[in-house]
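Read through the structure below, which is laid out as structure tokens, and then see the notes.
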Amino acid sequence: MADDRNPVRLAALHPKPDTAMSARILDGKTLAERLKADLGARVAARVALGLPRPGLAVVLVGENAASQIYVRNKRKFTEAANMRSFSHDLSADTSEAELLALIDKLNADPLVHGILVQLPLPKQIDPERVTERIDPAKDVDGFHPYNIGRLVLKRPILRPCTPYGCMRLLAETGEDLVGKHAVIIGQSNIVGRPMALELLMARCTVTVCHSATRDLAGIVRQADVLVAAVGKAYFVAADWIKPGAIVIDVGMNRDAEGRLCGDVDRRAAERAAWITPVPGGVGPMTIAMLLANTLTAAELQDSA
């Protein structure tokens with residue numbers, strides 16, 4: 001059954017005898033639907049004032065199966081939020097010069113308020129050059145050095161979508177984050193590093209762990225808030241989780257049986273106070289925040 005394939009629901013539906021279950025589910029899918037409805041209403045209000053619908057251009061290079069799924073979901077969500085979706089599907093042998101020329105065209109197009117180039121890119125294209133070619137005002141992924149710099153300075157405008165979504169999920173707990181020890185596993189530019197900046201803005205004490213971290217388990221056991229962004233199925237053992245912790249599982253993997261799963265052992269639900277499911281946790285929120293950024297970008301461009 002569908003519920004049995006969800007690691008967190010599996011733990012909730014089939015608890016071990018005499019095990020006290022404490023974790024409450026941070027349902028990203030439901031929250032994302034709520035945000036989508038709110039965004040749709042705000043877009044309708046714009047249109048009523050004679051302003052254009054926000055337009056999001058999504059560029060896909062090649063035929064990576066996972067990327068195709070992500071892009072399809074982003075386009076569907078964009079249209080559901082009453083925004084314009086512009087699709088640019090390029091062949092895997094597209095040159096860097098051709099992609100940069102398309103970005104220049106999109107930068108100049110007044111109907112396009114946000115530009116997203118789906119990663120990973122084919123090996124002949126430098127992702128850093130691509131990221132820096134996007135107009136910072138249309139960088140709805142939040143990866144341009146200008147937007148990352150604003151986040152460093154605690155003055156964010158367009159924020160990296162996955163960490164932004166994680167912060168919205170953390171807000172749903174109603175818990176005060178000030179002074180909490182937040183541990184992040186993973187230091188990528190997409191999740192780990194901007195996540196650390198977001199949590200610092202929330203006045204957490206932040207520890208970022210990576211492949212060279214010593215005594216990883218010992219550090220994770222101190223975490224009031226854990227963000228796992230490793231990309232390895234069940235990498236974080238259940239007994240690493242501090243009782244009562246908030247667990248944000250960013251991982252999206254396949255286990256040995258081919259099921260979608262996160263980076264955190266499903267039995268972590270027996271120790272955590274709050275936990276995100278996989279799927280249905282961080283993933284939908286990443287797309288929701290992408291669209292929130294697109295609307296913000298449109299509003300900024302209204303007055304440019």
Side-chain angles (χ1 to χ4, degrees), residues 8 22-28 31-32 35 141-143 147-231 235-251 262-265 268-269 271-278 281-286 288-289 292-293:
V8 174
S22 61
R24 284 170 284 180
I25 303 301
L26 282 168
D27 187 343
L31 177 56
L35 292 172
D141 253 340
F143 295 156
N147 287 317
I148 292 294
R150 290 195 66 98
L151 183 59
V152 170
L153 296 174
K154 300 185 290 185
R155 296 164 57 194
I157 297 178
L158 300 178
R159 299 153 74 167
C161 301
T162 297
Y164 192 10
C166 290
M167 295 307 295
R168 289 299 300 264
L169 284 166
L170 287 169
E172 288 295 297
T173 68
E175 294 198 24
D176 185 1
L177 298 180
V178 174
K180 288 188 183 296
H181 185 189
V183 174
I184 303 165
I185 310 178
Q187 59 164 345
S188 73
N189 290 338
I190 295 173
V191 181
R193 291 170 185 259
M195 189 77 236
L197 295 170
E198 289 279 5
L199 289 165
L200 281 171
M201 267 204 310
R203 300 189 66 201
C204 291
T205 298
V206 180
T207 301
V208 179
C209 301
H210 45 77
S211 59
T213 297
R214 298 178 181 178
D215 189 21
L216 177 61
I219 294 173
V220 172
R221 287 188 177 106
Q222 301 173 37
D224 301 307
V225 177
L226 174 67
V227 180
V230 186
F235 177 83
V236 178
D239 67 2
W240 293 9
I241 305 301
K242 179 180 180 180
I246 304 171
V247 177
I248 306 292
D249 192 345
V250 182
D263 290 346
V264 181
D265 188 311
R271 299 172 65 87
W274 295 89
I275 195 165
T276 56
V278 178
V282 175
M285 289 301 299
T286 296
M289 303 328 291
N293 275 347

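Atoms considered below: every heavy atom in the structure, side chains included; atoms not considered: hydrogens, waters and symmetry mates.
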Evaluate the side-chain proximity of [Y] to [X]: yes if any heavy-atom separation is below 4.5 Å, no if none is.
X	Y	answer
Pro156	Leu197	no
Val282	Cys166	yes
Val250	Met195	no
Asn147	Asp141	no
Pro284	Leu31	no

Under 3.5 Å, side chain of [X] to main-chain N/O of [Y], donor-acceptor pair present?
X	Y	result
Arg271	Ala23	no
Arg150	Arg155	yes
Asp249	Asp263	yes

Looking at [X] and [Y], what are the two nearest heavy atoms and their distance?
X	Y	value
Ala268	Ala238	N-CB, 3.7 Å
Gly192	Ile184	O-CD1, 3.8 Å
Val278	Gly251	CG1-O, 3.5 Å
Ala269	Ile275	N-CD1, 4.1 Å
Val208	Ala196	CG2-CB, 3.7 Å
Ala223	Ala245	O-CB, 3.5 Å

I'd like to know whether Val236 forms a side-chain contact (heavy atoms from CB on, under 4.5 Å) with Asp265, so could you lay out the CA-CA distance, the side-chain angles of the two residues, the decisive distance to 0.1 Å, and finally the verdict. CA-CA 6 Å; Val236 178; Asp265 188 311; over 6 Å; no
Using side-chain hydrogen bond (donor to acceptor under 3.5 Å, both in side chains) as the criterion, list what pairs up with Glu172, not counting sequence neighbours. Arg34
Which residue pairs satisfy the side-chain hydrogen bond (donor to acceptor under 3.5 Å, both in side chains) criterion with at least one member in residues 202-217, sequence neighbours excluded? His181-Thr207
Sequence neighbours left out, what pairs pass side-chain hydrogen bond (donor to acceptor under 3.5 Å, both in side chains) with at least one residue falling in residues 186-201? Arg159-Glu198, Gln187-Arg193
Please round to the nearest 0.5 Å and tell me the distance separating atom [atom1] of [X] and atom [atom2] of [Y].
X	Y	atom1	atom2	result
Met201	Leu153	CE	CG	11.0 Å
Asp27	Thr276	CG	OG1	10.5 Å
Leu226	Cys209	CG	SG	8.5 Å
Asp224	Leu177	CG	CG	9.5 Å
Leu216	Arg221	CG	CZ	9.5 Å
Asn293	Leu158	CG	CG	5.0 Å

Only residue of Leu169, Thr173, Leu170 satisfying side chain to side chain contact (heavy atoms under 4.5 Å, CB included) with Trp274 is Thr173
